[in-house]
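Shown next, in C-alpha cells, is the structure this report addresses.
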There are 2 protein chains.
Amino acid sequence: MRPLYHPPVSEITVEGILYALSDPARVEILAQLSNADCEQTCKSFAKIGSKKLPKSTLSQHFKILREAGLIRSERVGVEMRNRPRCSELKGKFAPMIESILKAYASQKRQKA
Amino acid sequence: MRPLYHPPVSEITVEGILYALSDPARVEILAQLSNADCEQTCKSFAKIGSKKLPKSTLSQHFKILREAGLIRSERVGVEMRNRPRCSELKGKFAPMIESILKAYASQKRQKA
DNA sequence: TTCAATAGTTCATATCTCCTGAACTATTAA
DNA sequence: TTAATAGTTCAGGAGATATGAACTATTGAA
C-alpha cells in the first residue's frame, strides 16, 4: 500500500480545491469534518444524507479531498483519522474555504 | 434553438456553483467577465490562457455557467452578451463567489 | 504465532461525462 | 436571396467516475 500523499501548501490550487468540492458528497464530508466534535473516520460517512456509499467510493472521495490539500489523513490503529488542513491554509485559501462552508451550511439550514 | 435557461435565484445551489467553477476555463471566464471592462461575447474567449478552445466547447462552458446561475446571457444582434449575475445573488452567494474570485486572482498574480 | 475481525486501499471494468468536429439556427448586411 | 458571423446542438470517441472483489494493515484473542 503506497503512502498517502499530502501536497505541500505551495502545490495547492484554487481549481484543485473547487474541483474537490464540486461533488456534493465531498462538500458534505468537509463540512462535517470541520465540526470539531465530528467523528473523523471514513466509516462514519458510510451514509451521507440519505445516500449509502460503498467504501471504495468513500476512499476515493477522501483521496480527492486529501490530494486537493483540504484534509490530512493519519492512521491511528486500525482506522484513519481525517481532519481539515485549514489552519495550515491561513490567508491563502482559508477565507475562500470558510465562505464556501458558510454558504453551504446556510443553504442546508434553509432546506431543513 | 431552444431558449436559454436562467435559473431563478431560489434554484441556485452551492454545489452547482462549485461544479461550474471546478473547470479552470470556467473560473477564468467568470473572473474575466467580472472585470467590468471585459468584452462579454463568447468569441472573445476563443483563447484562454495559452489554450485555444473550439466554439462548441466554449458554448458548453457558457451553458454550464449560465445554468449554475453565475452568468446571464442575452442576444444582441448576431452575438451573445454575457455578464455575471452577482448583483442578483447578494447575500446568499455573492460573498462565496467573491472570495473564490479573489483567491483565484491572487493565485494568478503569484504565478506571474 | 496464527486466526479472525475491522478499516481502508487498490484494481478492473462498466457506466457516465466531457470534448470537439460537423451540421444547424439566428441575425445582420449586401 | 445570399453570404457572413456568432453561437447552439448533436453524435462519437476519449477520458473520468463509481463500485464489487480482492488485497493490505492493524489489533486482539486463542
Side-chain angles (χ1 to χ4, degrees), chain A residues 1-7 13 15-30 32-33 38-68 70-83, chain B residues 1-7 15-29 32-33 38-68 70-83:
Chain A
M1 205 171 289
R2 61 194 80 133
L4 305 180
Y5 180 65
H6 294 90
T13 65
E15 300 92 309
I17 291 176
L18 294 178
Y19 168 72
L21 296 182
S22 70
D23 184 293
R26 291 193 294 261
V27 214
E28 177 60 31
I29 290 173
L30 186 67
Q32 289 197 31
L33 286 180
C38 160
E39 230 199 295
Q40 294 161 321
T41 62
C42 295
K43 196 79 208 298
S44 61
F45 289 94
K47 251 197 210 163
I48 294 197
S50 56
K51 216 173 169 187
K52 193 178 170 334
L53 293 182
K55 58 184 186 170
S56 52
T57 304
L58 268 176
S59 180
Q60 273 304 316
H61 284 324
F62 276 92
K63 184 183 183 194
I64 288 168
L65 288 169
R66 185 166 53 237
E67 300 193 344
L70 286 166
I71 64 172
R72 184 170 290 280
S73 311
E74 176 188 19
R75 180 180 277 277
V76 176
V78 73
E79 63 191 26
M80 224 41 146
R81 294 284 166 75
N82 298 281
R83 47 182 216 285
Chain B
M1 205 171 288
R2 62 193 79 131
L4 304 181
Y5 180 65
H6 293 90
E15 298 93 307
I17 291 176
L18 293 179
Y19 168 71
L21 296 182
S22 70
D23 185 292
R26 291 194 294 262
V27 214
E28 177 60 30
I29 290 173
Q32 289 197 29
L33 285 180
C38 160
E39 230 199 297
Q40 295 160 321
T41 62
C42 294
K43 197 76 208 301
S44 61
F45 290 93
K47 253 199 212 159
I48 293 198
S50 56
K51 216 174 168 186
K52 193 177 168 336
L53 294 182
K55 58 186 184 168
S56 53
T57 302
L58 269 177
S59 180
Q60 274 302 318
H61 283 325
F62 276 92
K63 185 183 182 193
I64 288 168
L65 289 170
R66 184 165 55 238
E67 301 194 343
L70 286 166
I71 63 172
R72 184 169 290 281
S73 311
E74 178 188 18
R75 182 178 274 278
V76 176
V78 75
E79 63 191 25
M80 224 42 146
R81 293 285 166 75
N82 298 281
R83 46 183 218 284

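Below, chains carry the letters A, B, ... as their sequence lines are ordered, and counting in each starts from 1.
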Item to complete: Ignoring backbone atoms, test whether B/S59 places a side-chain nitrogen or oxygen under 4.0 Å from the OP1 or OP2 oxygen of D/dG7.
Response: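 Result: no.
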Nearest to the side chain of [X], heavy atoms from C-beta on, is which of [options]?
X     : options               : answer
A/T57 : D/dA22, D/dT8, D/dT19 : D/dT19
B/L4  : D/dG20, C/dG8, D/dT8  : D/dT8
A/E79 : D/dG20, C/dA7, C/dT20 : C/dA7

Worksheet item: Which one of A/E28, A/Q32, A/H61, A/K55 satisfies the side chain to side chain contact (heavy atoms under 4.5 Å, CB included) criterion with A/F45?
Response: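 It is A/Q32; the other options fail the test.
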Worksheet entry | Residue that, paired with A/L65, satisfies side chain to side chain contact (heavy atoms under 4.5 Å, CB included) out of A/L21, A/N82, A/I17, A/D23 |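 Answer after filtering A/L21, A/N82, A/I17, A/D23: A/L21.
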Over how many whole Å does the gap from [X] atom [atom1] to [N] atom [atom2] extend?
X     : N      : atom1 : atom2 : answer
A/R81 : C/dG8  : CZ    : C1'   : 14 Å
A/I64 : C/dT10 : CD1   : C1'   : 14 Å
B/H61 : D/dA6  : NE2   : C1'   : 17 Å
A/L58 : D/dA18 : CG    : P     : 11 Å
A/M80 : D/dT27 : CE    : P     : 13 Å
B/F62 : D/dT9  : CZ    : P     : 15 Å
A/F45 : C/dA7  : CZ    : C1'   : 15 Å
A/Y5  : C/dT9  : OH    : C1'   : 19 Å

Worksheet entry | Of A/V78 and A/P3, the one whose closest DNA chain C nucleotide lies more 5' |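 Its nucleotide being nearer the 5' end, the pick is A/V78.
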Just so I know, are the side chains of [X] and [Y] near enough to count as touching, which here means a heavy-atom distance under 4.5 Å?
X     : Y     : result
B/K63 : B/S73 : no
A/R83 : A/L33 : no
A/M80 : A/L4  : yes

Discussion item. Heavy atoms only, 4.0 Å cut-off, all strands: where does A/K43 land among base, sugar-phosphate and nothing?
Written reply: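 Sugar-phosphate contact only.
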Item to complete: Would you classify A/D23 as touching base, sugar-phosphate or nothing, given that sugar-phosphate means primed atoms plus P, OP1 and OP2, and contacts are heavy atoms under 4.0 Å?
Response: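 The answer is sugar-phosphate, as A/D23 gets under 4.0 Å only of primed atoms, P, OP1 or OP2.
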Worksheet item: What pair of heavy atoms forms the shortest contact from A/C42 to A/F62, and how long is it?
Response: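 Where A/C42 meets A/F62 most closely, the heavy atoms are SG-CD1, 3.6 Å.
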Practice prompt. Look only at the side chain of A/R66 and the backbone of A/A68, and say whether a donor-acceptor pair between them is shorter than 3.5 Å.
Written response: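 Not a single qualifying donor-acceptor pair exists.
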What protein N or O atoms touch nucleotides 10-16 of chain D N or O atoms at under 3.5 angstrom, if any, and at what distances?
residue : atom : partner : partner atom : Å
D/dC10  : OP1  : B/R2    : NH2          : 3.3
D/dC10  : OP2  : B/R2    : NH2          : 3.2

Worksheet item: Between A/K52 and B/K55, which has a closest nucleotide on DNA chain D that is more 5'?
Response: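 The residue closer to the strand's 5' end, by nearest nucleotide, is B/K55.
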